[in-house]
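Each remark here refers to the structure printed beneath this line.
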Amino acid sequence: TIISDKEWHVTAPEWIITNPAKGGSGATEVSVCVTDNVDAQGPLEPRKDSLIFGGDTHSSQFIVIVSQEGDAYRNAEHLSVEQIATLADDKSFILDEATVAALSDAGYVITDGKANVYVSVAAKDVKVGDKVTIKGYKGTVAGVPVINKVDEMSILSSGTFTYPDPIDISATIASYEAKTIDYIKVNGIVTGSTLTVTVDDVDYAVKQIDCPADLKINALGGNKVELTGYSYGIQGAKTIGILTTAL
């Protein structure tokens, strides 16, 4: 029901149909329909747009967001991990094969040997060394690439995984940008639940992200510890994250 004290009209994409499409003062019942989101080959990609009721000024507009389901992977590209890492956010993709390189309490790191991406969706029975295929959506967290929605994931095979030589950022943490998910190691003193790394009398922090219980440093206060794992972006002032694989 549209209630207005002046004339109004509808602005909408062609797939959203209103009847009537305009009206005057008072109350008007308006029906809203959408065309089928399909063609001869089946469902098209999901779509979303604005249905706007309004007069001649922006202050009088009322906006309704209309979403319609579809096949998110109808036109999705088959991409490598390296390509997914640079994909625009909220884009769907099909990953034919990647290797699980690390596990966390809330997800896992996958790699194709050229780039690493964190899948921030927990999965049962996934182990390091597994080959997996994924249909999902790319996102960004803490400035690094993640897969933040998984519609399908299958384990293709199981195996072993050999870690590359880690990048030691203990002396270079001040300039380390953490814009990609790198395999790193870092030495410092445990302070509370973080690792404190001091360079030129300035303290920096390394924060464990979604860390399994057997790798947490919380109970090691005051000890010098070396952490190895995958960097996970900037977590705060002078603080980087790490998806821990060993200590």
What about [X] and [Y], same hydrophobic cluster or not, with Ile/Leu/Val/Met/Phe/Trp/Tyr joined at side-chain heavy-atom distances under 4.5 Å?
{"X": "Ile167", "Y": "Phe161", "value": "no"}
{"X": "Ile134", "Y": "Leu156", "value": "no"}
{"X": "Leu44", "Y": "Val66", "value": "no"}
{"X": "Val109", "Y": "Val146", "value": "yes"}
{"X": "Trp15", "Y": "Val30", "value": "yes"}

Glu77: partners by salt bridge (charged side-chain N to carboxylate O under 4.0 Å, His left out), with sequence neighbours left out: none
Under 4.5 Å side-chain linkage, directly or through intermediates, the cluster mates of Tyr73: Ile94, Tyr137
What distance do [X] atom [atom1] and [Y] atom [atom2] have between them, rounded to the nearest 0.5 Å?
{"X": "Leu195", "Y": "Thr239", "atom1": "CG", "atom2": "OG1", "result": "11.5 Å"}
{"X": "Ile234", "Y": "Ile240", "atom1": "CD1", "atom2": "CD1", "result": "7.0 Å"}
{"X": "Phe93", "Y": "Ser80", "atom1": "CZ", "atom2": "OG", "result": "11.0 Å"}
{"X": "Leu103", "Y": "Thr244", "atom1": "CG", "atom2": "OG1", "result": "12.5 Å"}
{"X": "Gln68", "Y": "Asp49", "atom1": "CD", "atom2": "CG", "result": "11.0 Å"}
{"X": "Gln208", "Y": "Asn218", "atom1": "CD", "atom2": "CG", "result": "7.0 Å"}

Could you tell me which non-hydrogen atom of [X] sits nearest to which non-hydrogen atom of [Y], and how far apart they are?
{"X": "Val132", "Y": "Met153", "answer": "CG1-SD, 4.0 Å"}
{"X": "Ala115", "Y": "Glu82", "answer": "CB-CA, 3.6 Å"}
{"X": "Ser104", "Y": "Leu243", "answer": "CB-CD2, 4.5 Å"}
{"X": "Asn148", "Y": "Ser120", "answer": "CA-OG, 3.5 Å"}

Where at least one partner belongs to residues 167-176, residue pairs that pass side chain to side chain donor-acceptor pair (under 3.5 Å), sequence neighbours excluded: Asp168-Ser170, Ser170-Asn187, Tyr176-Asp182, Tyr176-Ser231
Heavy-atom check, side chain of Thr99 versus side chain of Asp130, under 4.5 Å: no
Result of checking Val121, Leu87, Val119, Val81 against Ile147 for side chain to side chain contact (heavy atoms under 4.5 Å, CB included): Val119
Result of checking Ile242, Ile184, Val197 against Leu227 for side chain to side chain contact (heavy atoms under 4.5 Å, CB included): Ile242
Pairs meeting criterion ring-ring contact (aromatic ring centres under 6.0 Å, His included) with involvement of residues 202-243, two or more places apart: Tyr118-Tyr232, Tyr183-Tyr230
Residue pairs passing the ring-ring contact (aromatic ring centres under 6.0 Å, His included) test where at least one lies in residues 31-52, sequence neighbours excluded: none
Say whether, by atom type as modelled, one donor and one acceptor occur between the side chain of [X] and the main chain of [Y] under 3.5 angstrom.
{"X": "Asp200", "Y": "Val202", "answer": "no"}
{"X": "Asn19", "Y": "Ser31", "answer": "no"}
{"X": "Thr198", "Y": "Asp201", "answer": "no"}

Exceeds 12 heavy-atom contacts within 6.0 angstrom, atom CD of Glu7: no
Arg74/Asp39 salt bridge by N-O under 4.0 Å criterion: yes
Test: Lys238 and Asp203 ion pair at under 4.0 Å: no
Side chains of Lys131 and Thr133, donor plus acceptor under 3.5 Å: no
Qualifying salt bridge (Lys or Arg N to Asp or Glu O under 4.0 Å) pairs, either residue in residues 212-221, two or more places apart: none
